[in-house]
Amino acid sequence: MTVITHPRRKSNLARMIDSAGGVSVGAALAQARANVEALRERAQTVVEAQISALDTVPPPVGLDDTPSRLNQVYCAATELIDAAGPFELFDLCQAAGGLCDLIGAVQPGEAFDWRIVVVHARSLRLLHSLPAEAVEERARILQSLGEVLERKRAQTG
């Protein structure tokens, strides 16, 4: 058994760890929001670029070309989700996520209806261009894309 015969001193590091840090939670959250907001313009540029990328991926020329084309589409859709998510552009994320789900359900060697990519790209462009107040229009677009997703799932399932 060890007996301490002298008082323990706290190190400077221990004092710093135990101290509040000088920033309130409210101030830290406000700073975090400001930091994220500073990235909004760059995120919008990424969203626009990924929608354009989806729009310009050429359809596959055969079954051998399908996986690489679908990979291009999948990468563009996931990058769009990554850029739109922090700014609560949930309708864009939902539409791009549905496209990713459809691509993920494709079995190797299976043909893919490329019109789905075209419809999603155009829908994403429309969702991105609508004002935030166009709630009903956004909901209709997402509902239509959801119907496409359900039909394709029913065909493969």
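Positions are given from 1, in the same order as the sequence printed here. Please read these numbers as outputs of a predicted model, since none were measured by experiment. Just the heavy atoms: all of them, side chains too, but no hydrogens, waters or symmetry mates, feed the values below.
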Flag, side chain of R138 to backbone of D91, donor-acceptor distance under 3.5 Å: no
Transitive ILVMFWY side-chain link L63 to V106, under 4.5 Å: no
Value for CD1 (I103) from CD (Q72), rounded to nearest 0.5 Å, stands at 10.5 Å
Side-chain donor or acceptor of H128 paired with backbone N/O of L124 under 3.5 Å: no
For E147, which residues count as a salt bridge (charged side-chain N to carboxylate O under 4.0 Å, His left out) partner, sequence neighbours excluded? R151
Report whether V148 and L70 are members of the same hydrophobic cluster (ILVMFWY, side-chain heavy atoms less than 4.5 Å apart, transitive linking). yes
Shortest non-hydrogen contact from A77 to A96? O-CB, 3.8 Å
For Q44 and L89: C-alpha separation, side-chain torsions, deciding distance, then whether side-chain contact (heavy atoms from CB on, under 4.5 Å) applies. CA-CA 10 Å; Q44 291 292 342; L89 301 173; 3.7 Å; yes
Do other residues, nucleotides or ligands put more than 12 heavy atoms under 6.0 Å from the CG atom of D64? no
With sequence neighbours excluded, residues passing side chain to side chain donor-acceptor pair (under 3.5 Å) with E41: none
Can you confirm whether more than 12 heavy atoms, excluding those of F87, are under 6.0 Å from its CZ atom? yes
Set of side-chain contact (heavy atoms from CB on, under 4.5 Å) partners for N71, sequence neighbours left out: C75
Roughly how far, to the nearest 0.5 Å, is the OG atom of S123 from the CZ atom of R140? 13.0 Å
Where do P86 and V36 come nearest, in terms of heavy atoms and distance? O-CG1, 4.3 Å
Taking every non-hydrogen atom, the tightest pair across A95 and L145: CB-CD1, 3.6 Å
Could you go through R69 and F112, starting from their C-alpha distance and side-chain angles, then the distance that decides it, and tell me whether this counts as side-chain contact (heavy atoms from CB on, under 4.5 Å)? CA-CA 10 Å; R69 298 290 188 211; F112 184 81; over 6 Å; no
Compare every heavy atom of G97 with every heavy atom of I81, then report the nearest pair and how far apart it is. CD1-N, 3.7 Å
In this structure, CG of L92 is separated from CD of Q50 (nearest 0.5 Å) by 12.0 Å
Does one hydrophobic cluster hold both V119 and V73, with members joined at side-chain heavy-atom distances below 4.5 Å? yes
Taking L80 as the starting point, is it possible to reach F90 by hopping between hydrophobic residues whose side chains are less than 4.5 Å apart? no
Kindly compute the distance separating CD (E137) from CG (L127), expressed to the nearest 0.5 Å. 10.5 Å
Salt bridge (charged side-chain N to carboxylate O under 4.0 Å, His left out) filter on R42, not counting sequence neighbours, yields none
Kindly compute the distance separating CG (D101) from CG (L149), expressed to the nearest 0.5 Å. 6.0 Å
Does E88 have any salt bridge (charged side-chain N to carboxylate O under 4.0 Å, His left out) partners at least two apart in sequence or in another chain, and if so, which? none
D113: what forms a salt bridge (charged side-chain N to carboxylate O under 4.0 Å, His left out) with it, not counting sequence neighbours? R115, K152
Separation of L130 CG from E136 CD (nearest 0.5 Å): 11.5 Å
Taking a hydrophobic cluster as the set of Ile, Leu, Val, Met, Phe, Trp and Tyr residues connected by side-chain heavy atoms closer than 4.5 Å, whether directly or through intermediates, do L29 and L39 fall within one such cluster? no
On a heavy-atom basis, which atom in P59 and which in D65 lie closest, and how many Å separate them? O-OD2, 4.3 Å
How close do V117 and L54 get, counting heavy atoms only, and between which atoms? CG1-O, 4.0 Å
